[in-house]
Amino acid sequence: MHNWKPKRLALLLVTGLLAACGASAPPEQRVREFIAETEFQVENREFAEVVDRIAGDYLDAHGNDKLKAAALLRGFYLRYRSVHLLTRIDSIALPSPGRAVATVYVAIGKRPFDDVASLPDADIFRVEIALAEDGDSYEILQTRWRRTNVADALF
């Protein structure tokens with residue numbers, strides 16, 4: 001049985017300590033931290049903070065801009081009164097300075113994921129995220145997602 005919340009909390013604490021010390025983490029590590037922080041914010045229903053992570057010129061594969069993405073997030077919160085995520089980063093690419101592309105598998109559930117056996121009840125997505133540096137962090141430029149299954153996600 002995995003306990004994912006303490007891992008995220010530890011990652012957030014380490015991120016805070018590194019930022020306080022003025023240490024700049026390598027880009028791949030900062031992408032991982034960005035994804036973990038975003039997951040934490042989504043689960044804690046920090047709507048404004050999540051929307052702030054979306055670039056002003058955001059455009060996804062479905063033609064949604066930042067305003068529409070924010071509306072979709074609001075709808076997501078209406079559907080999931082209690083939000084629980086389980087993420088697995090499949091890959092991170094750094095195509096050019098200041099840019100990153102991550103492929104992340106995301107399981108979304110109404111109850112905590114006590115173990116992998118609870119995944120069949122989840123909605124599972126494969127999400128490609130294009131990011132641009134924004135200070136010491138990133139902002140989301142574009143996303144592309146599709147439904148997938150546990151076998152594809154390999155949690």
Side-chain angles (χ1 to χ4, degrees), residues 1-13 15-16 27-28 30-93 95 98-155:
M1 182 160 106
H2 296 287
N3 193 343
W4 300 97
K5 295 245 187 227
K7 283 183 179 178
R8 282 194 302 272
L9 183 57
L11 180 61
L12 289 172
L13 290 173
T15 301
E28 184 173 331
R30 288 188 294 129
V31 169
R32 290 180 185 283
E33 291 167 357
F34 178 85
I35 291 168
E37 291 165 0
T38 303
E39 177 183 2
F40 180 84
Q41 291 172 335
V42 169
E43 283 189 326
N44 287 285
R45 304 176 74 84
E46 297 175 6
F47 177 80
E49 289 81 356
V50 175
V51 172
D52 283 346
R53 290 173 170 264
I54 302 171
D57 58 348
Y58 172 87
L59 187 63
D60 69 22
H62 302 282
N64 298 316
D65 61 8
K66 181 175 182 169
L67 187 60
K68 181 67 176 176
L72 290 171
L73 179 61
R74 211 175 276 292
F76 170 81
Y77 283 139
L78 290 173
R79 179 173 180 207
Y80 292 93
R81 296 278 180 205
S82 177
V83 178
H84 300 278
L85 304 178
L86 178 62
T87 61
R88 183 181 70 79
I89 298 172
D90 185 55
S91 65
I92 296 174
R99 302 286 187 192
V101 177
T103 300
V104 182
Y105 288 94
V106 181
I108 305 169
K110 295 180 181 181
R111 294 180 304 278
F113 295 101
D114 295 325
D115 55 37
V116 177
S118 62
L119 285 173
D121 295 333
D123 291 326
I124 302 174
F125 296 88
R126 180 182 188 273
V127 184
E128 294 175 29
I129 308 166
L131 303 168
E133 277 187 341
D134 183 29
D136 287 338
S137 188
Y138 286 89
E139 63 181 359
I140 303 167
L141 290 176
Q142 187 177 38
T143 58
R144 181 182 315 238
W145 66 90
R146 67 173 169 81
R147 284 192 176 275
T148 190
N149 57 48
V150 176
D152 287 343
L154 296 174
F155 278 100

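Keep in mind that the numbers below use all heavy atoms, side chains included, and drop hydrogens, waters and symmetry copies.
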Asks: Quick check: closest heavy atoms across Lys66 and Gly56, and the distance to 0.1 Å?
Replies: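 Smallest interatomic distance, heavy atoms only, reads CD-CA, 4.1 Å.
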
Asks: Decide, yes or no, whether a salt bridge links Arg126 with Glu128 under the criterion of side-chain N to carboxylate O below 4.0 Å.
Replies: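 Glu128 and Arg126: salt-bridged.
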
Asks: CG/Asp52 to OG/Ser137 distance, rounded to the nearest 0.5 angstrom?
Replies: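 It is 11.5 Å, given to the nearest 0.5 Å.
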
Asks: Is a side-chain donor or acceptor of Gln142 paired with a backbone partner of Tyr58 at a separation under 3.5 angstrom?
Replies: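 Not at all, since once roles are kept as given, no pair shorter than 3.5 Å links the two residues.
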
Asks: Hey, are the side chains of Ile89 and Thr103 touching, using non-hydrogen atoms and a 4.5 Å cut-off?
Replies: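 No; the side chains remain at least 4.5 Å from each other.
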
Asks: I would like to know whether Phe76 and Ile108 meet side chain to side chain contact (heavy atoms under 4.5 Å, CB included); could you show each step before the answer?
Replies: CA-CA 10 Å; Phe76 170 81; Ile108 305 169; 3.6 Å; yes

Asks: Is a side-chain donor or acceptor of Asn44 paired with a backbone partner of Glu46 at a separation under 3.5 angstrom?
Replies: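 Side chain of Asn44 to backbone of Glu46: no pair is present.
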
Asks: Do Trp145 and Val106 make a side-chain contact, defined as non-hydrogen atoms from C-beta onward lying under 4.5 Å apart?
Replies: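 Trp145 vs Val106: side chains apart.
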
Asks: So which heavy atom on Asp90 is nearest to which on Tyr105, and how close?
Replies: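 So the minimum-distance heavy-atom pair works out to CB-CE1, 3.7 Å.
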
Asks: For Ala61 and Arg144, which heavy atoms make the closest approach, and how far apart are they?
Replies: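 In this case the closest contact between Ala61 and Arg144 is CB-CG, 3.9 Å.
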
Asks: Is the backbone of Lys68 close enough, under 3.5 Å, to the side chain of Asp65 for a donor and an acceptor to pair up by distance?
Replies: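 Pair found, side chain donor or acceptor close to backbone of Lys68.
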
Asks: Mind checking whether Tyr77 and Phe47 have parallel, tilted or perpendicular rings, split at 30° and 60°?
Replies: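 The arrangement is perpendicular - the two ring planes meet at more than 60°.
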
Asks: Using every non-hydrogen atom in the two residues, find where Phe113 and Ala122 come nearest and quote the distance to one decimal.
Replies: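 So the minimum-distance heavy-atom pair works out to CE2-CB, 3.6 Å.
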
Asks: Are any of the side-chain heavy atoms of Val50 and Leu73 separated by less than 4.5 Å?
Replies: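 Side-chain contact under 4.5 Å: yes.
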
Asks: Would you say the side chain of Val42 lies within less than 4.5 Å of the side chain of Leu85, judging by non-hydrogen atoms?
Replies: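 SC-SC contact between Leu85 and Val42 confirmed.
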
Asks: Let me confirm one number: the CG-CD1 distance from Asp134 to Ile140, rounded to the nearest 0.5 Å.
Replies: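 Here the rounded value is 11.0 Å.
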
Asks: Counting distance only, does the side-chain N/O of Arg45 pair as donor-acceptor with the main-chain N or O of Arg81 below 3.5 Å?
Replies: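 Flag set: sc Arg45 to bb Arg81 pair under 3.5 Å.
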
Asks: Would you sort out whether Glu39 and Thr87 count as a side chain to side chain donor-acceptor pair (under 3.5 Å), showing the intermediate values?
Replies: CA-CA 8 Å; Glu39 177 183 2; Thr87 61; 2.9 Å; yes

Asks: Would you give the length of the straight line joining atom CD of Glu43 to atom OH of Tyr80, rounded to the nearest 0.5 angstrom?
Replies: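 Reported to 0.5 Å precision, the distance equals 12.5 Å.
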
Asks: Within the structure provided, determine whether Ile35 and Val104 are in side-chain contact (heavy-atom separation under 4.5 Å).
Replies: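 Yes, their side chains come closer than 4.5 Å.
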
Asks: Is there side-chain contact between Leu59 and Asn64, with heavy atoms separated by less than 4.5 Å?
Replies: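 They are not in side-chain contact.
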
Asks: Could you check whether Glu37 pairs with Arg53 (Lys NZ or Arg NE/NH1/NH2 to Asp/Glu carboxylate O, under 4.0 Å)?
Replies: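 Between Arg53 and Glu37 there is a salt bridge, with a charged N closer than 4.0 Å to a carboxylate O.
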
Asks: Val51 and Glu49: side chain to side chain contact (heavy atoms under 4.5 Å, CB included), yes or no, with the steps?
Replies: CA-CA 6 Å; Val51 172; Glu49 289 81 356; over 6 Å; no

Asks: Any side-chain heavy-atom pair from Phe125 and Thr148 closer than 4.5 angstrom?
Replies: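 Side chain of Phe125 against side chain of Thr148, heavy atoms only: no contact under 4.5 Å found.
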
Asks: Mind running side chain to side chain contact (heavy atoms under 4.5 Å, CB included) on Arg99 and Leu141 for me, showing each step along the way?
Replies: CA-CA 10 Å; Arg99 302 286 187 192; Leu141 290 176; 2.7 Å; yes

Asks: Is there a side-chain contact between His84 and Pro112 (heavy atoms, below 4.5 Å)?
Replies: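 Contact flag for His84/Pro112 side chains = yes.
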
Asks: So which heavy atom on Tyr138 is nearest to which on Ala100, and how close?
Replies: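 The answer is CE2-CB, 4.2 Å.
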
Asks: Which pair of non-hydrogen atoms, one from Ala69 and one from Ile54, has the smallest distance, and what is that distance?
Replies: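 Nearest heavy atoms, Ala69 then Ile54: CB-CD1, 4.2 Å.
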
Asks: Tell me whether Asp123 is salt-bridged to Arg79, with the criterion being a basic N under 4.0 Å from an acidic carboxylate O.
Replies: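 Here Asp123 pairs with Arg79 in a salt bridge, since their nearest N and O are under 4.0 Å apart.
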
